[in-house]
Enquirer: 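If you scroll down you'll find the structure; I have some questions about it.
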Amino acid sequence: MSILIDSNTRVIVQSFSSSRAMGGEARFHLQQMLDYGTRVVGVVNAGKGGESVDGIPVFDTVSDAAEQTGATASANFVPAPFAADTIMEAADAGLPLIVCISENIPVLDMLKAKHYLADKNTRLIGPNCPGLISPGKCKIGIMPGAIHREGRIGVISRSGTLTYEAVSQLTDSGFGQSSCVGIGGDPIIGTTFTDCLALFKDDPDTDAVIMIGEIGGTAEEEAAAYVKAHFGKPVVSFIAGQTAPPGRRMGHAGAIISGGQGTAADKMAALRDAGIHVCESPAEMGATMKRALSG
Amino acid sequence: MKIHEYQAKEILRSFGVPVPNGAVARTPEEAEAIAKDLGGAVVVKAQIHAGGRGKGGGIKLAADPAEAREAASEIIGMQLVTPQTGSEGQKVKSVWVENATDIDRELYLGIVLDRARSRLVVMASRAGGMDIEEVAATTPEKILKEVVHPGVGLQPFQARRLALGLGLEGDQIKQGVAFISALYRAYEETDCSLAEINPLVVSKSGEVLALDAKMNFDDSAMYRHSDIYELRDVDEEDPLEVEASKYDLNYIKLDGEVGCMVNGAGLAMATMDIVKYAGSSPANFLDVGGGTNVERVKNAMRILTSDESVKAVLINIFGGIVRCDRVAEGVVAALEDIEINVPLVVRLQGTNAEEGAQILENSGLEFTVARKLQEAAEGVVAAVQNAA
């Protein structure tokens, strides 16, 4: 098994290009997803309905696409100024899963979009994330498929390339992955560490979880409290930004220590207190998982 | 993005937030003229982004225009050191001159994002003029909070509750409600990431006024606020960071000795951490991004090595969609164009890492090539120690 997506997931790609049915970046990743075996059943681009991309039909609206293809998930590649709007469009169409890759969506737009989603049966992953993958089954996002192996470790991360680093260390240490979820580097995201932990808890094919956090906010502390109270499986964690100065945005909009909150030291202490195996060095993620599972 | 107090006051005034009458001066003569126009005693305030200006001598009271001129001549051009500037301080280019306020009470009002709730929160406290983080840590019961519903925004009953909680009385309640509502409107309409009035004062004559004003803005929303983006003051930023921003490079200068070039923000932070863990310290954060090409690599290398404290450089690339051989070609091309006088450790991992390493080795240039993160960190720290 896996969480959120598997070989039955039917995906539409939301795009926003006025010149073509689908722009360069999104087009490239659409091809990568198809190569990985993801069932991409439609593309949405308002004004380009009726055209096709690589043999995949293009629709004007998400609701048209959902009705005609039976899609169950959306990969949102829409540029930041229009992303929140198209997230709401996909939720309105009743899609159960939306994965938003776009970076730099204004915070006030995301507050409204998240509120809009609150009474819908839609889960949002991201924004500002690499997406998610259940190795060997389905990939929705921009991560390189080849570094992943099918297996029994769950991965949850706020980062992109650092997740690839973790996955490659796991794979090198002999551990495959059940699902890897990039939850996103923004201050307002749809799905949190805690949400993912709850899903991995109920997945009989996940034996342990690695959580890759970073400075900013209190999501890691909340996850630590959840692990302490409810989560029986081993958890390994690394927190990026131990050397980051306060008050500076370290690339990700959400990676900022502000008002004395969100330091790596506080997060690491909370995680340790919850019995989580915390590695201080990012080179030790794979080895720490090995120790966690043998001990 | 940050702006100056005078800019924040001008924006707030346009939203109907009451601020003392005043204007900005760039010379002592201008300060004198403004003081003359305003009449009576004035306050002359240094305009830099950092807080704690009063402690460093950046805020002076002047009884008349001549004193205002004198105060401005002392402040303009000074290297103002505050608890937030670091020891080198920040050069003052202008002062804000406003009517002095006879203060009865000092209060606090702020709007921030509560990430855990995914809501904006308006905070108020009777402990104005103090460091609000300190108040929150030691006496959290002194901070009043109203959580804003994103569907409807801040409601008048919430503003009333805050105004009453601040102990405003009589006509001040109405003024307070109008003040809080106007501040919220300004926050929402200009895409702030923080708005803070500390202190918010009640004058002896019963007026509710913003004596100081701090507004930060959401960088991601600046595309729809070109008027606000124009207020950016690059003199307040590190010159290397300004240079990097021209090329869309995510660079933050730090005070260590290992220059770092990495793809991806999370991996860039992790690379800084492992440099420290291996016994040295990072000179910068630098995310070269996903679409790494020769130009980006070249600009990044030039910027990070122009920091004189850099004793060695670590390039850490995890090739995913970005292929390592392409990055290696970029690094070689960059080094043929710009001169690098410090040792270079390159770690390539992921897609086409072997081919990338081959390109580096065949280039005839001097690199240490590493595969594992640990090996790369140890290599660069050894290089720093050998250079010393």
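Here is the naming used below: chain letters follow the sequence lines, and residue numbers restart at 1 for every chain. Because the structure is predicted, anything quoted here is derived from the model rather than measured.
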Enquirer: State, to 0.1 Å, how close B:Gly264 and A:Thr161 come at their nearest heavy-atom pair, and which atoms those are.
Expert: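 The answer is CA-OG1, 3.3 Å.
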Enquirer: With a 4.5 Å heavy-atom cut-off, do A:Leu108 and B:Glu188 have their side chains touching?
Expert: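 SC-SC contact between A:Leu108 and B:Glu188 confirmed.
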Enquirer: Quick one: do A:Arg248 and B:Lys253 satisfy side chain to side chain contact (heavy atoms under 4.5 Å, CB included)? Show the steps, please.
Expert: CA-CA 10 Å; A:Arg248 300 302 306 269; B:Lys253 189 173 162 2; over 6 Å; no
Enquirer: At a 4.5 Å cut-off on heavy atoms, which part of B:Leu113 comes close to chain A: side chain, backbone, both, or neither?
Expert: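 Side chain only.
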Enquirer: Name the region of A:Leu111, side chain, backbone, both or neither, that has any atom closer than 4.5 Å to a heavy atom of chain B.
Expert: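 Both parts, heavy atoms under 4.5 Å.
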Enquirer: Just so I understand: if I count every heavy-atom pair under 4.5 Å between each of A:Phe238, A:Phe28, A:Tyr164 and chain B, which residue has the most?
Expert: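 Counting heavy-atom pairs under 4.5 Å, the top option is A:Tyr164.
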Enquirer: How far does CE of A:Met110 sit from CG of B:Asp218, to the nearest 0.5 angstrom?
Expert: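 Here the interatomic distance stands at 12.0 Å.
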Enquirer: Check each atom of A:Gln261 against the heavy atoms of chain B and say whether the ones under 4.5 Å are side chain, backbone, both or neither.
Expert: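 The answer is neither part of A:Gln261.
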Enquirer: Do you see a donor-acceptor pair shorter than 3.5 Å between the side chains of B:Asp273 and A:Thr243?
Expert: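 Judged by distance alone, the side chains do pair up.
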Enquirer: Determine, stepwise, if the pair B:Arg347 / A:Glu165 fulfils salt bridge (Lys or Arg N to Asp or Glu O under 4.0 Å).
Expert: CA-CA 12 Å; B:Arg347 185 257 181 159; A:Glu165 174 74 41; 2.7 Å; yes
Enquirer: For A:Pro130, is it the side chain, the backbone, both or neither that has a heavy atom under 4.5 Å from a heavy atom of chain B?
Expert: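 For A:Pro130, there is no contact with chain B at all, as no heavy atom is under 4.5 Å.
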Enquirer: Give me the atom names and distance for the closest heavy-atom approach of B:Gly266 to A:Glu214.
Expert: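 Closest approach of B:Gly266 to A:Glu214, heavy atoms only: CA-OE1, 4.2 Å.
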Enquirer: Contact part of A:Ile212 toward chain B, heavy-atom cut-off under 4.5 Å: side chain, backbone, both or neither?
Expert: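 For A:Ile212, no heavy atom lies under 4.5 Å from chain B.
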Enquirer: What's the spacing between B:Ile274 CD1 and A:Glu284 CD if we round to 0.5 Å?
Expert: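 Those atoms lie 7.5 Å apart.
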Enquirer: Could you measure the distance from the OG1 atom of A:Thr163 to the CG atom of B:Leu267? Nearest 0.5 Å is fine.
Expert: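 The OG1 atom of A:Thr163 sits 9.5 Å away from the CG atom of B:Leu267.
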Enquirer: I'd like to verify something: which residue of B:Lys372, B:His149, B:Lys276 has the highest number of heavy-atom pairs under 4.5 Å with chain A?
Expert: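 Result: the option with the highest number of such pairs is B:His149.
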Enquirer: Take a 6.0 Å sphere around NZ of B:Lys2 and say whether it holds more than 12 heavy atoms from other residues, nucleotides or ligands.
Expert: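 Not buried by this count: 12 neighbours or fewer within 6.0 Å.
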Enquirer: Distance from A:Asp186 atom CG to B:Ser220 atom OG, nearest 0.5 Å?
Expert: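 Answer for the CG-OG pair, A:Asp186 versus B:Ser220, is 6.5 Å.
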Enquirer: Could you check if a side-chain atom of B:Pro150 sits within less than 4.5 angstrom of a side-chain atom of A:Tyr116, using non-hydrogen atoms only?
Expert: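 Sidechains of A:Tyr116 and B:Pro150: no contact.
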Enquirer: Can you confirm whether A:Met250 sits close enough to B:Met272 that some side-chain heavy atom of one is under 4.5 Å from a side-chain heavy atom of the other?
Expert: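 Yes; the side chains approach each other to less than 4.5 Å.
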Enquirer: So for B:Gln84, is it side chain, backbone, both, or neither that comes closer than 4.5 Å to the heavy atoms of chain A?
Expert: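 No part of B:Gln84 comes within 4.5 Å of chain A.
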Enquirer: If we only count heavy atoms from C-beta on, is the B:Gln374 to A:Ser281 side-chain gap below 4.5 Å?
Expert: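 With C-beta onward as the side chain, the pair touches.
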Enquirer: What option among B:Ser118, B:Ala136, B:Ser193, B:Ala221 has the most heavy-atom pairs under 4.5 Å with chain A?
Expert: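 Option with the top pair count is B:Ser118.
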Enquirer: Select one option (side chain, backbone, both, neither) describing which atoms of B:Phe318 are under 4.5 Å from chain A's heavy atoms.
Expert: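 It is both, since atoms from each part get that close.
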Enquirer: State, yes or no, whether a side-chain contact exists between B:Asp219 and A:Arg249 at a heavy-atom distance under 4.5 Å.
Expert: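 Yes; the side chains approach each other to less than 4.5 Å.
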Enquirer: Just verifying a value: how many Å separate A:Ser168 OG and B:Gln349 CD, rounded to the nearest 0.5 Å?
Expert: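 One finds 5.0 Å between OG of A:Ser168 and CD of B:Gln349.
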Enquirer: Considering non-hydrogen atoms only, spot the tightest contact between B:Ala270 and A:Pro282 and give its length.
Expert: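 Scanning both residues, the minimum pair turns out to be O-CG, 3.4 Å.
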Enquirer: Any side-chain to backbone donor/acceptor pair from B:Arg224 onto A:Pro81? Under 3.5 Å, distance only.
Expert: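 No, the answer is negative, given that no donor and acceptor are paired below the 3.5 Å cut-off.
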Enquirer: Counting only heavy atoms closer than 4.5 Å, note whether A:Glu103 contacts chain B via side chain, backbone, both or neither.
Expert: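 For A:Glu103, neither part sits under 4.5 Å from chain B.
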Enquirer: Is the number of heavy atoms from other residues, nucleotides or ligands under 6.0 Å of B:Asp255 CG greater than 12?
Expert: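 Atom CG in B:Asp255 is not crowded, with 12 or fewer foreign heavy atoms closer than 6.0 Å.
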Enquirer: For B:Tyr229, is the OH atom crowded, meaning more than 12 foreign heavy atoms sit under 6.0 Å from it?
Expert: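 For B:Tyr229, atom OH is not crowded (no more than 12 foreign heavy atoms under 6.0 Å).
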Enquirer: Report yes if some heavy atom in the side chain of A:Ile215 is under 4.5 Å from a heavy atom in the side chain of B:Met269; otherwise report no.
Expert: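 Yes. Closest side-chain heavy atoms under 4.5 Å.
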